[in-house]
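For reference, the structure discussed in these notes is given below.
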Amino acid sequence: MGSLLQEYIQMAKDEDQANEVLDKSISLLEQSSVIDDLEVKQASLYVLSSLYTMREEYDKAIEVLNTLPKVNVNTDFMLSTIYSITGDSKRAKTIEQESLFNNINNSIISLASLWGTALKERDFEFAMELATLQRKLIVDYKLEGYLLGNNFLMFADIYAVRKDVNRTLDYIEKYANWALSTDTSSLDLSNNKFFSLVENLTPTMSFDYQKQTFINSVVKNTDYDFVKYSDRYKKIIAKLI
């Protein structure tokens with residue numbers, strides 16, 4: 001429940017409500033971090049580090065992360081091999097698919113983090129390269145329903161900072177069309193040949209969630225002020241809001 005609340009902080013109507021949701025999420029995760037179940041405890045601490053960072057309590061975030069064990073042994077490869085040898089091919093494939101999904105997802109997150117740093121440093125060429133590489137991963141592994149929208153906004157941010165009117169509008173329109181076309185079938189991993197045996201590990205985001213993402217990322221972002229009086233921008237907004 002604490003992790004789920006974290007996903008919806010950005011849907012708050014104002015800063016006070018956002019802080020209220022953040023505090024509730026932290027409270028729940030702090031409670032779950034002291035129970036005896038090691039898996040739940042470690043997962044709670046990991047999410048807490050993110051929430052403390054959002055609240056700018058950086059010392060707490062660092063302290064929490066330093067308590068987590070840094071394990072470099074991945075048992076999945078050996079487990080899948082053993083299950084394959086013993087004839088349980090479905091179990092072996094499930095482990096392999098889950099491992100691939102996690103690795104791809106982590107790569108996409110890492111590329112987004114590197115992109116953010118490049119954009120902040122105004123290294124537009126590298127930012128573009130990172131966003132392009134992330135998009136290739138998303139498309140190659142058929143995860144457009146989950147992740148393509150955020151990638152569109154990465155490109156939009158690059159062009160917005162560079163004050164490129166047409167390309168900025170191109171990418172926020174791509175986001176709007178993506179949000180409107182995404183449905184439950186595109187979020188169903190059972191239809192994905194790479195991850196058909198993986199449980200849906202990413203929460204299904206509603207259209208309202210995608211709309212709020214757009215509002216926070218574009219409408220409330222002053223970097224986009226230079227396009228907000230154009231007729232095309234107003235038409236894009238009308239699609240979502």
Side-chain angles (χ1 to χ4, degrees), residues 6-18 21 54 105 108-109 111-189 191-192 200 202-241:
Q6 180 198 22
E7 298 290 339
Y8 285 89
I9 290 172
Q10 71 167 348
M11 292 190 70
K13 296 177 181 178
D14 51 42
E15 188 175 350
D16 288 340
Q17 189 180 64
V21 177
M54 290 176 66
N105 195 45
I108 287 168
I109 292 169
L111 286 167
S113 297
L114 287 168
W115 165 86
T117 301
L119 189 63
K120 187 180 296 184
E121 294 174 350
R122 296 301 187 259
D123 188 347
F124 298 121
E125 185 177 345
F126 189 41
M128 188 71 71
E129 186 177 348
L130 291 163
T132 301
L133 180 56
Q134 191 204 61
R135 183 175 183 181
K136 187 176 188 307
L137 275 178
I138 292 168
V139 173
D140 284 352
Y141 287 95
K142 306 187 184 305
L143 293 169
E144 295 96 324
Y146 283 110
L147 302 166
L148 197 56
N150 287 336
N151 183 261
F152 285 145
L153 291 179
M154 287 167 66
F155 281 101
D157 280 353
I158 294 171
Y159 289 122
V161 173
R162 299 177 71 173
K163 298 294 184 284
D164 186 325
V165 175
N166 289 329
R167 288 180 176 174
T168 300
L169 290 169
D170 284 345
Y171 276 97
I172 62 174
E173 187 165 27
K174 285 177 187 288
Y175 180 89
N177 291 337
W178 168 82
L180 290 165
S181 64
T182 301
D183 54 25
T184 54
S185 63
S186 63
L187 298 170
D188 186 358
L189 289 179
N191 297 323
N192 187 312
N200 280 13
T202 305
T204 299
M205 301 305 180
S206 66
F207 175 73
D208 284 342
Y209 184 91
Q210 307 298 359
K211 182 175 73 173
Q212 191 63 43
T213 297
F214 183 82
I215 291 171
N216 292 337
S217 301
V218 177
V219 177
K220 294 182 179 179
N221 189 339
T222 57
D223 286 339
Y224 290 84
D225 285 352
F226 72 105
V227 299
K228 290 179 181 176
Y229 295 100
S230 69
D231 289 338
R232 187 179 173 194
Y233 176 82
K234 292 173 184 177
K235 288 179 182 178
I236 294 169
I237 289 293
K239 291 181 180 182
L240 289 177
I241 302 174

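Everything numeric in this text was worked out from a predicted model, so none of it was measured.
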Are any non-hydrogen side-chain atoms of [X] and [Y] less than 4.5 angstrom apart?
X      : Y      : result
Arg232 : Asp170 : yes
Leu143 : Leu189 : yes
Thr168 : Phe226 : yes
Arg122 : Val161 : yes
Val218 : Tyr171 : no
Phe155 : Thr132 : yes
Asn177 : Lys239 : yes
Leu169 : Ser230 : yes

Please report the interatomic distance [atom1]([X]) to [atom2]([Y]), rounded to the nearest 0.5 Å.
X      : Y      : atom1 : atom2 : value
Leu133 : Ile138 : CG    : CD1   : 10.0 Å
Asn105 : Ile109 : CG    : CD1   : 4.5 Å
Phe126 : Ile158 : CZ    : CD1   : 11.0 Å
Ile236 : Ile172 : CD1   : CD1   : 4.0 Å
Glu129 : Leu111 : CD    : CG    : 10.0 Å
Ile215 : Gln210 : CD1   : CD    : 12.0 Å

Could you pull out the closest heavy-atom pair between [X] and [Y], with the gap in Å?
X      : Y      : result
Tyr146 : Trp178 : O-CZ2, 4.2 Å
Ala127 : Trp115 : O-CD1, 3.3 Å
Tyr159 : Met128 : OH-CE, 3.3 Å
Ala112 : Gln134 : CB-NE2, 3.7 Å
Asn221 : Asp223 : OD1-N, 2.9 Å
Asn150 : Tyr175 : N-CE1, 4.4 Å

Short question: side chain of Asn192, backbone of Lys142 - any donor-acceptor pair under 3.5 Å?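 Yes, Asn192 side chain to Lys142 backbone: donor-acceptor pair under 3.5 Å.
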For Asp157, does its backbone N or O pair with a side-chain atom of Tyr224 as donor and acceptor, under 3.5 Å?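 Yes: the side chain of Tyr224 pairs with the backbone of Asp157.
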Salt-bridge contact Lys228-Asp225 (side-chain N to carboxylate O under 4.0 Å): yes
Using a strict threshold of under 4.0 Å (side-chain N to carboxylate O), is an ion pair present between Lys235 and Glu173? no
Cation-pi check, Lys211 to Phe214: give yes when NZ or CZ is under 6.0 Å from the six-membered ring centre and within 45° of the ring axis, no otherwise. no
Is Lys220 atom NZ crowded by more than 12 heavy atoms from other residues, nucleotides or ligands, each under 6.0 Å away? yes
